[in-house]
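A note on names: the letters A, B, ... follow the listed sequences, proteins ahead of strands, and every chain is numbered from 1.
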Amino acid sequence: MEIQILFFGAVADSVKSRQLILNVASGTTAAAAIETAKKEHPALASQKLLIAVNEEYADTDTILGDGDEVAVFTAVSGG
Amino acid sequence: MEIQILFFGAVADSVKSRQLILNVASGTTAAAAIETAKKEHPALASQKLLIAVNEEYADTDTILGDGDEVAVFTAVSGG
Amino acid sequence: MDRIFLCKASSILFVLFILLKNMPTTDFAELTNDPIDLTSVARRVVLPECGATVTLDGYARKYTKDKTTGEVRETDFLVYEAYEPMAIKEMQKLIDRAKSDFGIANVGIVHRLGRLEIGETSVVISVAAPHRKAAFAACEWIIKELKKTVPIWKKEVYAEGEAWVEGEA
Amino acid sequence: MDRIFLCKASSILFVLFILLKNMPTTDFAELTNDPIDLTSVARRVVLPECGATVTLDGYARKYTKDKTTGEVRETDFLVYEAYEPMAIKEMQKLIDRAKSDFGIANVGIVHRLGRLEIGETSVVISVAAPHRKAAFAACEWIIKELKKTVPIWKKEVYAEGEAWVEGEA
C-alpha cells in the first residue's frame, strides 16, 4: 500500500524535502514507516520527532492504512 | 472664602446643575459645604454621595481651603 | 503628568501613528470622544523585548439585566461622562500600581466619553509584558479597579427613558 | 468544519467586514499570510449580550534569550510555517474545549504564517464572554495550549544565520 510522509519546519530543512511517498506492507506501523524513511533521509535519526496520522496526533505504534498521511515534526513553536 | 462644588452624572441631572460657587467660613468641612449646597439643591439629600477634593477622593470631614474644588457624585460606573 | 494627554481629534491619532513609529513606546491614560481603535492602543504599549500584549476591550451592550428586578432591558445607546482631570489621574494611579505590583512593561488605557452606539468600544486596556501571565493578571486587575475608582459614569438610554448606572463601590 | 475557512487575501477581510455588520458573530480558527488586524478579530467575536472581549496579541520579538546559554540574540525577522489543515483542526479543538470548560460566548483565533517583520502580530486570540473573568481565564488557557498542540513552527532569522525554535511539548 502507498502512504505519504510529510515533513515540516526543522525536519523539512534537515531532510531537504517536504514529502516522501512510500510503498509499505499492509499492517505497517507509523514507527516502521519512519524507520523506512530514515534510509532515504538519515538526518531524521538525529531528531526527537512527533507524528500525526491523517491530521491527528498519533502514537508511533499506530497501524497505517492505504493512502494515510503521516506528518513528522519537532515540538511545535507557534504563537 | 470661596469654594466650588462640581456635580457629575446622576447628581448633575438631579440638581439640574453642574457647578455651584459657595462662600463659606474658613475651616468649613466638605460635609458642611454639602449641607449648605443642599439648601440650594434639595435633591442632593436623597442620594448616597462620594466626594473628591481637588481631584482626589476625600472624606467628608476634610477641611476646605480657599479656592478648593469639591466634586460630588454617585459610585462610578465606567468601563 | 507629561506623559498624560487628551486626544480630542482623530487627526491627532494619525499624527501619533507617524510619530510613534520612531518613538519609544510608553504608558498612557487617555479620554477621548472619538471611536477607539483597539489595534492602535495595543501597538503603542509594545516594546521590542515584549512578546505579547493582553487587551481588555469593553463594549456598549445591547441588553442589560436589572440588578434588582432581574428584568432585561434593551439599550438604544449609552452616554459616558467623566470628571476628566481626576479620571486621568486615577487611571495613571492604576498604571503606576500595576507596574509596581506585576512584572509588566507598559500599560495603555483609553476610555471613550460621550454618546456610544451599541457595539462601540467604551474602554481599551492594553498591557505589554515579557511574560504573558503577568500581562493577563495586570489587565484583569486594572479593569476591576477602574470600575471602582475612576470617576466615569454611564447612562443607559432606552426607548422609554434613561438611567444612570450606579457602580458598586 | 463549515465555520472554518482560510483567508488568503486582505480583500476578503474587507468583504467580511461588510458581511459581518449584518451577520451573527461566530467562532473562527484561521491561518493567514496577511497582516492581522487586532480590532477586526476582536469585533467578530462580540455578541450584543457580551460586555467585554479579552484579546491576546503575540508579536514578533526583536530580542530572544537562548534557553540553554542565556545569550540574547537580535532577530532580523521570523518565518512561521504550519501543517495547515491540522493546525486549523487543532485550533478548532481548543475553541471547542474552551467553550465547554469556561463560561464564554465566542472565540476567534487567527495565526499569521510566512515572513513576519519585527513588531508584526503573529497570533491574535479574542474571547468574548458575558463575564470578564471567564474571558481572561479562557484566553490565557488557549494561548498556553496553542503553543503546545497547534502544528505551527517558528524560524528566527539573524544576521549570522537562522534557527527553528523548538517548543517544549
Side-chain angles (χ1 to χ4, degrees), chain C residues 20-21 25 35-65 72 74-75 78 117-144 146-147 154 165, chain D residues 20-21 25 35-65 72 74-75 78 117-144 146-147 154 165:
Chain C
L20 285 163
K21 295 202 73 162
T25 54
I36 301 174
D37 180 59
L38 195 64
T39 309
S40 70
V41 177
R43 269 274 164 266
R44 289 164 57 196
V45 299
V46 181
L47 291 174
E49 62 268 33
C50 287
T53 65
V54 172
T55 304
L56 182 284
D57 193 0
Y59 294 89
R61 279 200 258 201
K62 192 170 186 67
Y63 303 106
T64 319
K65 202 181 209 173
V72 175
E74 191 171 336
T75 309
L78 299 179
E117 305 305 324
I118 298 306
E120 287 195 303
T121 297
S122 55
V123 63
V124 172
I125 299 170
S126 205
V127 179
H131 298 288
R132 213 163 61 224
K133 206 175 180 64
F136 275 106
C139 189
E140 189 167 7
W141 179 83
I142 292 169
I143 181 64
K144 192 185 75 198
L146 180 145
K147 285 171 172 271
K154 176 165 71 175
V165 177
Chain D
L20 285 164
K21 294 201 71 160
T25 54
I36 301 173
D37 180 59
L38 196 64
T39 308
S40 71
V41 177
R43 268 273 164 266
R44 289 164 57 196
V45 299
V46 181
L47 290 173
E49 61 270 31
C50 288
T53 65
V54 172
T55 303
L56 182 284
D57 194 0
Y59 295 90
R61 280 199 257 199
K62 193 170 186 66
Y63 303 106
T64 318
K65 204 181 207 174
V72 174
E74 192 172 334
T75 309
L78 299 179
E117 304 306 325
I118 299 306
E120 288 195 303
T121 296
S122 55
V123 62
V124 173
I125 299 170
S126 205
V127 179
H131 298 288
R132 214 163 61 223
K133 205 175 181 65
F136 275 105
C139 189
E140 190 167 6
W141 179 83
I142 292 168
I143 181 63
K144 192 185 74 196
L146 179 145
K147 285 169 171 273
K154 177 166 70 173
V165 178

Quiz prompt | Side chain / backbone / both / neither for Leu56(D) at chain C, heavy atoms under 4.5 Å | solution = both

Quiz prompt | Minimum heavy-atom distance Ala42(C)-Ser126(C), with the two atoms named | solution = CA-OG, 3.1 Å

Practice problem: Heavy atoms only, distances under 4.5 angstrom: which of Ile36(C), Val41(C), Val127(C), Thr53(C) has the most pairs with chain D? Name it, please. | Solution: Thr53(C)

Quiz item: Any idea which of Val54(D), Asp57(D), Thr75(D), Val124(D) has the most non-hydrogen atom pairs under 4.5 angstrom with chain C?
Solution: Asp57(D)

Quiz prompt | Any Glu120(C) side-chain heavy atom under 4.5 Å of Tyr59(C) side chain | solution = no

Exercise. Specify the closest pair of heavy atoms between Arg61(D) and Leu78(D), including all atoms of both residues, with the distance to one decimal.
Key: N-CD1, 4.4 Å

Practice problem: Between chain C and each of Gly119(D), Ala128(D), Ala60(D), count heavy-atom pairs under 4.5 Å; write down the option with the most. | Solution: Gly119(D)

Practice problem: Could you check which of Lys144(D), Arg132(D), Lys62(D) has the highest count of heavy-atom pairs closer than 4.5 Å to chain C? | Solution: Arg132(D)

Self-check item: Most contacts with chain C, counted as non-hydrogen pairs under 4.5 angstrom, among Val72(D), Ile143(D), Thr121(D)
Solution: Ile143(D)

Quiz item: Are any non-hydrogen side-chain atoms of Thr55(D) and Leu38(D) less than 4.5 angstrom apart?
Solution: yes

